[in-house]
S.K.: 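I'd like to ask you about the structure that follows.
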Amino acid sequence: MQKEGQIRIPSGCAISAVISKSGKRMSGEKIVSSMVPVHDRSNGLGGGFAAYGIYPEHRDFYALHVFFDDDVCRADCENYLRERFEIVDAEVLPTRTMREITDEPVIWRYFVYPRRTRLRALQVDEREYVVRVVMKINSTLKGAYVFSSGKNMGVFKAVGYPEDVGRYYRLEEYEGYSWTAHGRYPTNTPGWWGGAHPFALLDYSIVHNGEISSYDANRRFIEMFGYRCTLQTDTEVITYIIDYLVRRQGMTYEEAAHVIAAPFWDTISHREPEERERLTYLRTVFSSLLVTGPFSIVLGFEGGLMALNDRLKLRSMVTGHSEDGDRVYIASEEASIRKMDEDATGIYAPAGGEPVIVKVKEGRRAAVGEY
Amino acid sequence: MGVEFIYPEFEVVRNSSRCIACRVCERQCANEVHSYDPDERVMLSDESKCVNCQRCVSLCPTRALKIVKSDCTFRENANWQSDTIKEIYKQANSGGVLLSSMGNPKMLPVYWDKILINASQVTNPSIDPLREPMETRVFLGKKPRSIERDEGGKIKNNLTPQLELSMPVMFSAMSYGSISYNAHKSLAEAATRLGICYNTGEGGLHEDFYVYGPNTIVQVASGRFGVFADYLDAGAAIEIKMGQGAKPGIGGHLPGKKIVGDVSRTRMIPEGSDAISPAPHHDIYSIEDLRQLVYSLKEATQYKKPVIVKVAAVHNIAAIASGIARSGADIIAIDGFRGGTGAAPTRIRDNVGIPIELALAACDRRLREEGIRNDVSLVVGGSIRSASDVIKAVALGADACYVATAALLALGCHLCRTCHTGNCNWGIATQRPELVKRLNPETGAERLYNLMTAWRHEIKELMGGMGINSIEALRGNRLMLRGVNMTEKELEILGISHAGE
């Protein structure tokens with residue numbers, strides 16, 4: 001049977017997220033618990049978390065989380081890494097041995113920064129350099145897969161139910177100002193850890209519920225720009241789209257949302273002239289990055305979160321906030337929010353294509369809600 | 001009679017118990033097949049002149065007529081089939097090049113018919129176009145590689161001129177001269193009502209049709225007939241015709257007898273002179289010359305119009321498309337080997353060029369591999385026969401399709417493939433006034449409007465079934481296609497999987 005990456009496997013899912021606008025760090029315990037009431041939205045074939053602000057002592061280095069098939073693959077990959085990065089720290093990622101999680105790969109964590117000479121020779125900025133190395137490892141190095149590559153953040157994922165995955169990675173021992181979670185319901189048995197969510201590149205991480213019908217149109221477009229969709233998952237392609245629009249095109253998250261979940265032409269035609277021109281421009285120029293089909297995503301990035309539904313809102317997603325207004329919650333179902341904070345208030349279902357953007361400190365919101 | 005005799009291809013079967021000798025068939029047949037015998041008071045037929053255009057059949061008030069294929073055959077021979085034998089006789093008689101019209105009719109693979117479309121089940125909802133918005137609008141033209149902002153941080157509109165279409169279909173080039181005034185008017189009127197474009201072909205633009213300019217693509221071909229400043233300014237886009245699917249590598253020839261009256265004036269050549277389009281553009285002997293023509297036309301129109309370069313699908317089409325994409329063209333139109341024509345040498349029509357499906361797949365992939373797919377739009381034609389062909393073309397990577405034969409069929413064409421005789425009984429491929437007036441442009445426009453409206457409905461249904469609610473999310477979405485009855489190589493070139501995979 002073909003593994004994930006060799007064949008495209010659609011899947012349904014559960015997502016949840018929490019962020020503290022004042023940047024207060026929270027342990028992973030709550031976000032892990034939020035996945036318990038939506039257990040049935042997963043089927044044990046993938047769960048994962050992204051956490052921001054968890055490596056303050058290493059905040060200046062890229063934290064690489066890597067799956068290896070075995071130690072031979074690890075040695076090869078480390079050689080490859082050493083040629084391209086200064087490795088500041090390397091260690092086995094701490095896990096808990098438990099009955100629910102089996103067939104573990106070798107999982108390591110590296111804190112690195114790019115070798116300056118190489119960087120200069122390539123004439124690219126540091127982030128582009130990291131992207132290229134990650135792409136190269138994931139598409140060409142056998143038995144090695146980098147699943148987290150941002151600064152001061154990390155992705156933790158595995159085959160299993162999300163609440164078990166959270167315990168497996170000892171997430172209660174980490175503290176972050178923002179967390180996202182994912183439980184997966186793929187329609188096939190991938191049996192491969194890399195296929196779980198979140199999917200991440202640099203500090204962008206995506207958890208996603210849905211199956212996008214525009215997948216191959218998006219993939220074939222984005223691959224023009226050096227991205228390689230090795231996993232053939234929706235989440236991977238959405239992550240690359242975000243990276244392309246935000247990092248490489250320099251768009252705001254809101255502008256990126258207006259590309260990915262562009263308003264209908266009819267809606268655009270009713271906007272004020274200036275806004276109409278802007279939306280028409282974005283839709284016309286980046287038409288191949290319009291994502292159709294059901295999805296709800298939470299995009300994590302340094303200092304914030306963005307939640308977005310497809311244009312027709314074909315997947316459930318609600319938002320809410322703590323009574324003091326500091327914490328904002330996003331989840332597939334309200335039950336997950338209640339599990340994190342039973343006094344949560346302001347429960348709101350964002351409209352299709354309406355981005356909800358929450359940023360730390362400024363506490364601003366993009367299009368909706370009093371966040 | 002004798003050695004040069006070829007038994008007629010068709011027989012006119014007249015049911016004498018129904019025939020009332022009203023002589024409608026006689027009046028309707030420009031080929032003079034039917035005649036009346038006043039002595040016997042019966043209708044007679046000379047089937048040797050019949051082209052099977054079905055005009056008499058359609059207009060016979062008592063349904064007394066049918067045209068059937070003659071069963072007079074040569075001795076069967078798998079190698080020497082009757083068409084081949086007849087062509088040999090014709091050439092032995094005349095010493096000339098065989099002429100044909102419309103697209104390649106041979107039993108060569110139609111890949112559209114080997115490609116099947118996906119639909120959503122369970123994991124992803126299908127979308128009902130009657131309940132939800134379903135968008136078919138497309139913008140053709142070059143897209144900027146990166147956004148730019150003004151001092152205030154607002155995104156600047158750095159988009160070059162685009163061709164906006166309400167659906168990804170246009171009527172492709174057919175010149176005034178090869179088809180009639182009324183046929184052109186039907187196309188122009190329908191394109192305007194539909195929010196799409198029609199194409200002048202290389203015969204210039206009749207002064208009456210400047211009013212349809214926003215929905216007109218004006219063509220500049222190797223003969224440059226009818227090209228002047230007002231003409232270029234009139235259109236929504238300018239198309240440089242380098243080649244045509246029905247006759248790649250050769251030019252065109254409209255005989256002097258068709259260069260009459262308005263046709264002469266519109267083409268800007270004297271009445272009765274042959275309109276000969278050279279095989280190449282004599283100012284384009286290579287890609288760098290094409291670039292000069294592209295920019296000459298842009299200069300002439302103040303960079304306000306997208307420029308299309310139309311080429312025939314030939315063997316190394318992907319490399320050619322790549323060259324065109326770098327020549328400053330905004331849109332590449334590729335015409336497959338089944339594309340129609342008003343007249344082409346038979347040998348060329350039937351043997352030169354490649355299928356559009358393969359050409360499209362190869363070009364789309366090549367442009368993506370080179371990272372320049374967004375620098376141009378791709379339009380394909382030759383032949384797109386239905387809404388499902390459109391869907392398959394878009395999923396393979398096309399931005400839009402060109403249709404011509406389907407449009408002519410809507411106008412009444414019965415594909416008798418004798419356009420080159422100029423005796424079109426349906427008033428389409430003729431300049432004889434008594435025949436032209438048979439095509440009512442209001443009715444013609446209405447029928448074209450109906451056809452495209454029907455296709456649009458079908459396109460929406462098919463998209464909705466796939467869970468796609470905007471045509472751009474289908475473009476290049478090859479996972480939505482599967483092949484049957486194809487070799488590994490064919491699937492590889494098309495970039496699709498076999499059904500069941």
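Throughout, protein chains are lettered first and strands after them, A, B, ... in sequence-line order, and every chain is numbered starting at 1.
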S.K.: Of the backbone (N, CA, C, O) and the side chain (C-beta and beyond), which part of A/E274 lies under 4.5 Å from a heavy atom of chain B, both, or neither?
M.R.: side chain
S.K.: Taking all non-hydrogen atoms of both residues, which atom of A/T284 and which atom of B/K143 are closest, and how far apart?
M.R.: O-CE, 3.2 Å
S.K.: Measuring from B/D399:CG to A/S288:OG, what's the distance to the nearest 0.5 Å?
M.R.: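 Separation between the atoms: 7.5 Å.
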S.K.: Between A/R283 and B/S470, is there a side-chain donor-acceptor contact under 3.5 Å, judged purely by atom types and distance?
M.R.: yes
S.K.: Below 4.5 Å from any heavy atom of chain B, which atoms of A/F295 appear? Answer side chain, backbone, both or neither.
M.R.: neither
S.K.: Under the side-chain contact (heavy atoms from CB on, under 4.5 Å) criterion, do B/I147 and A/V285 qualify, and how do the steps go?
M.R.: CA-CA 9 Å; B/I147 59 171; A/V285 175; 5.6 Å; no
S.K.: Between A/R220 and B/R475 (side chain of the first, backbone of the second, donor and acceptor by atom type, cut-off under 3.5 Å), is there such a pair?
M.R.: no
S.K.: Which pair of heavy atoms, one from B/N477 and one from A/S214, lies closest together, and at what distance?
M.R.: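 Here B/N477 and A/S214 meet closest at ND2-CA, 3.4 Å.
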S.K.: Counting only heavy atoms closer than 4.5 Å, note whether B/I155 contacts chain A via side chain, backbone, both or neither.
M.R.: side chain
S.K.: Quick check: are there more than 12 heavy atoms from other residues, nucleotides or ligands sitting under 6.0 Å from CD of B/E488?
M.R.: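 Count not over threshold, so no.
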S.K.: Once rounded to the nearest 0.5 Å, what's the spacing between atom OG1 of A/T292 and atom CD1 of B/I468?
M.R.: 5.0 Å
S.K.: Check each atom of B/K142 against the heavy atoms of chain A and say whether the ones under 4.5 Å are side chain, backbone, both or neither.
M.R.: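 Nothing of B/K142, per the 4.5 Å heavy-atom cut-off to chain A.
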S.K.: Hey, could you give me the CG/CG distance between B/N118 and A/D216, rounded to the nearest 0.5 Å?
M.R.: 11.0 Å
S.K.: What part of A/L290 gets closer than 4.5 Å to chain B, counting heavy atoms only: side chain, backbone, both or neither?
M.R.: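 For A/L290, heavy atoms of backbone and side chain both lie under 4.5 Å from chain B.
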S.K.: Between B/R368 (side chain) and A/M224 (backbone), is there a donor-acceptor pair under 3.5 Å?
M.R.: no
S.K.: Looking at side-chain heavy atoms only, is the closest gap between A/D266 and B/P133 below 4.5 Å?
M.R.: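 Contact flag for A/D266/B/P133 side chains = no.
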S.K.: How long is the gap from CZ on A/F264 to CE on B/M134, to the nearest 0.5 Å?
M.R.: 8.5 Å
S.K.: Ignoring hydrogens and geometry, is there a side-chain-to-backbone donor-acceptor pair from B/E135 to A/W265 under 3.5 Å?
M.R.: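 Here the side-chain-to-backbone pair exists.
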S.K.: So for atom NE2, which belongs to B/H457, do other residues, nucleotides or ligands contribute more than 12 heavy atoms lying within a distance under 6.0 Å?
M.R.: no
S.K.: Can you say whether A/Q249 sits under 4.5 Å from chain B via the side chain, the backbone, both, or neither, judging by heavy atoms?
M.R.: both
S.K.: Contact part of A/L289 toward chain B, heavy-atom cut-off under 4.5 Å: side chain, backbone, both or neither?
M.R.: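 The answer is neither part of A/L289.
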S.K.: With a 4.0 Å cut-off, would you call B/R373 and A/E223 a salt bridge?
M.R.: no
S.K.: Ignoring hydrogens, what is the shortest heavy-atom contact between A/Y281 and B/S146? Give both atom names and the distance.
M.R.: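 So the minimum-distance heavy-atom pair works out to OH-O, 4.3 Å.
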S.K.: Taking all atoms of both residues into account, what is the closest heavy-atom pair of B/E132 and A/L312, and its distance?
M.R.: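 Looking at all heavy atoms of both residues, the shortest contact is OE1-CD2, 3.3 Å.
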S.K.: Got a second to check how far B/L479's CG is from A/Y215's OH, nearest 0.5 Å?
M.R.: 7.0 Å
S.K.: Among B/I372, B/N158, B/V122, B/L159, which residue forms the greatest number of heavy-atom pairs with chain A at distances under 4.5 Å?
M.R.: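 The residue among B/I372, B/N158, B/V122, B/L159 with the greatest pair count is B/N158.
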S.K.: Which one, A/G250, A/G226, A/G293, leads in non-hydrogen pairs under 4.5 Å with chain B?
M.R.: A/G250
S.K.: Check this for me: A/E302, atom CD, are more than 12 non-hydrogen atoms of other residues, nucleotides or ligands nearer than 6.0 Å?
M.R.: no
S.K.: Is chain A contacted by the side chain of B/I127, its backbone, both, or neither, given a heavy-atom distance below 4.5 Å?
M.R.: side chain
S.K.: Answer with side chain, backbone, both or neither: which region of B/R149 has an atom nearer than 4.5 Å to a non-hydrogen atom of chain A?
M.R.: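 Side chain only.
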S.K.: Can you tell me if A/S213 uses its side chain to pair, donor with acceptor, with the backbone of B/G467 under 3.5 Å?
M.R.: yes
S.K.: Which atoms of A/R248 come close to chain B, meaning under 4.5 Å heavy atom to heavy atom: side chain ones, backbone ones, both, or neither?
M.R.: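 No part of it gets close to chain B.
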S.K.: What part of B/Q162 gets closer than 4.5 Å to chain A, counting heavy atoms only: side chain, backbone, both or neither?
M.R.: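 It is the side chain, since no backbone atom gets that close.
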S.K.: Could you walk me through whether B/N374 and A/F286 satisfy the side-chain contact (heavy atoms from CB on, under 4.5 Å) test, starting with their C-alpha distance in whole Å, then the side-chain angles of each, then the deciding distance to 0.1 Å, before giving a yes or no?
M.R.: CA-CA 9 Å; B/N374 227 24; A/F286 299 100; 5.6 Å; no
